[in-house]
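Within every chain, numbering begins at 1; the chains are lettered A, B, ... in the order of the sequence lines, protein sequences first and strands thereafter.
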Number of protein chains: 2
Amino acid sequence: MKSPQPSPAPARTDHDLPTATALKLWVVLSRAQWAVQQVSINDIESHGLSPAEFAIIEVLFHKGPMLLGEVQRKVLVSSGGITFLVDKLAKRGLVERRECPSDRRARYAALTPEGEALMHEIFPAHAAAIRDAVAGLPVDEQKTLISALKALGKEAERVASETPRCKKAVAELNNSAS
Amino acid sequence: MKSPQPSPAPARTDHDLPTATALKLWVVLSRAQWAVQQVSINDIESHGLSPAEFAIIEVLFHKGPMLLGEVQRKVLVSSGGITFLVDKLAKRGLVERRECPSDRRARYAALTPEGEALMHEIFPAHAAAIRDAVAGLPVDEQKTLISALKALGKEAERVASETPRCKKAVAELNNSAS
DNA sequence: ACTATAAATCTTACTTCTAAGATATTACCA
DNA sequence: TGGTAATATCTTAGAAGTAAGATTTATAGT
């Protein structure tokens with residue numbers, strides 16, 4: 001029963017403590033992730049790259065050449081999306097496709113020397129930006145936070161994989177866990 | 001299958017401990033947020049709503065009618081985006097625009113009775129899904145995590161607002177802090 | 001060998017969202 | 001008052017991505 005007032009009473013839905021805590025956690029988790037992401041995006045776009053483009057060249061930089069499908073799962077885009085993005089990066093000379101000798105359906109994505117040079121040039125500053133973004137906590141508390149978030153994420157992935165719609169996405173993510 | 005590659009040495013960039021810890025934290029933070037988001041999206045899409053649509057009706061449900069610009073800042077979409085989304089929700093009869101008596105430029109967005117009824121019907125289960133998604137940690141650890149993430153987010157927002165590109169977005173976000 | 005199925009990428013059509021500017025209204029201030 | 005800037009929303013064009021299916025190649029059972 002809400003009062004039929006000019007400004008309708010906002011709904012109260014924080015029934016029990018565990019649920020209220022969970023919703024609060026979900027808000028601050030999203031907001032913290034968003035804020036760090038802004039710092040990351042800021043740095044990335046200052047180099048004329050989109051976040052998805054950077055994610056691709058970063059994974060290639062750290063793991064070496066990789067099948068398009070593997071990149072796709074790591075970067076969490078659709079198969080059409082990875083084609084689109086690699087096309088763009090190839091046009092800019094940062095990435096190239098290579099044939100797979102053992103499977104003629106497959107293509108590797110690999111950094112060109114230009115792409116490699118770009119990452120050597122910009123990645124250290126990017127890492128420093130992330131370091132500054134999370135500097136609200138001292139390093140030892142960051143380590144505690146890492147443990148907690150790992151436990152949280154692990155269970156959340158399990159719960160997500162139990163519901164029908166997302167099974168595939170989560171399964172693929174787990175597959176790509178290096 | 002994959003051939004044993006003479007893979008070009010992957011780049012090592014974890015120079016110092018603080019930076020390595022920060023990068024690790026950024027990964028697990030993103031991944032935990034992503035996993036909980038999958039659970040949330042799963043639930044939302046099972047009701048035929050997009051995440052952005054749900055975000056709008058959720059904020060209207062909890063805070064009551066609100067100027068389009070306020071909704072926009074809370075939901076973090078562009079001004080064109082809020083017009084597009086409210087149009088869609090209005091077509092489905094969940095939301096309506098109302099004139100603002102004191103400012104003829106402005107419009108309120110408000111839930112219709114149908115929108116209100118829908119949220120009463122689906123929100124408790126949504127909150128329960130979030131509660132289950134974060135159940136990897138006991139409630140008292142969740143509270144510790146909330147404090148840590150608040151400190152992290154606060155500093156990250158400050159750092160983000162120092163860089164030119166994002167000043168506006170972060171400032172607006174801070175404005176909308178209720 | 002043959003067939004069916006699966007896998008890897010690409011294509012197409014479409015959805016969602018942004019950026020920039022248009023429009024209308026309000027606020028400020030000389 | 002009148003002029004300028006600010007505010008609130010909407011419009012338009014296009015970017016960025018998805019989903020579904022097409023294409024090509026590989027794998028496995030018979």
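- In terms of the salt bridge (charged side-chain N to carboxylate O under 4.0 Å, His left out) criterion, Lys143(A) has no residue partners (sequence neighbours excluded).
- Contact annotation: Arg97(A) reaches the phosphate of dC10(C) (side-chain N/O to OP1 or OP2, under 4.0 Å).
- An OP1 or OP2 oxygen of dA15(D) is reached within less than 4.0 angstrom by no side-chain nitrogen or oxygen of Lys88(A).
- For a distance-only test at 3.5 Å, the side chain of Ser78(B) fails to qualify as a donor-acceptor partner of the base of dC17(C).
- Nearest to the side-chain atoms of Ala52(A) among the listed nucleotides dT26(C), dG17(D), dT18(C) stands dG17(D).
- The hydrophobic cluster containing Leu67(B) also includes Tyr108(B), under a criterion of side-chain heavy atoms closer than 4.5 Å among ILVMFWY residues, counted directly or through chains of members.
- The salt bridge (Lys or Arg N to Asp or Glu O under 4.0 Å) pairs that include a residue from residues 33-43 of chain B number zero, where partners must be two or more places apart or lie in different chains.
- Legend: residues meeting salt bridge (charged side-chain N to carboxylate O under 4.0 Å, His left out) with Lys154(A), ordered by chain and number and at least two apart, are absent.
- At distances below 3.5 Å, at least one donor-acceptor pair connects side-chain atoms of Ser30(A) with backbone N or O atoms of Trp26(A).
- In the set dT26(C), dA20(C), dC10(C), dC10(C) carries the atom at the smallest distance from any side-chain atom of Ser79(A).
- Residues from residues 80-87 of chain B lying near DNA chain C, meaning a heavy-atom separation below 4.0 Å, are Gly80(B), Gly81(B), Phe84(B), Leu85(B) in numerical order.
- Classified by interplanar angle (parallel below 30°, tilted 30° to 60°, perpendicular above 60°), the ring pair Phe54(A)/His126(A) is tilted.
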Pairs under 3.5 angstrom, nitrogen or oxygen only, protein versus nucleotides 4-8 of chain C, please.
{"from": "dA7(C)", "atom 1": "O4'", "to": "Arg105(A)", "atom 2": "NH1", "distance (Å)": "3.4"}
{"from": "dA7(C)", "atom 1": "N3", "to": "Arg105(A)", "atom 2": "NH1", "distance (Å)": "2.9"}

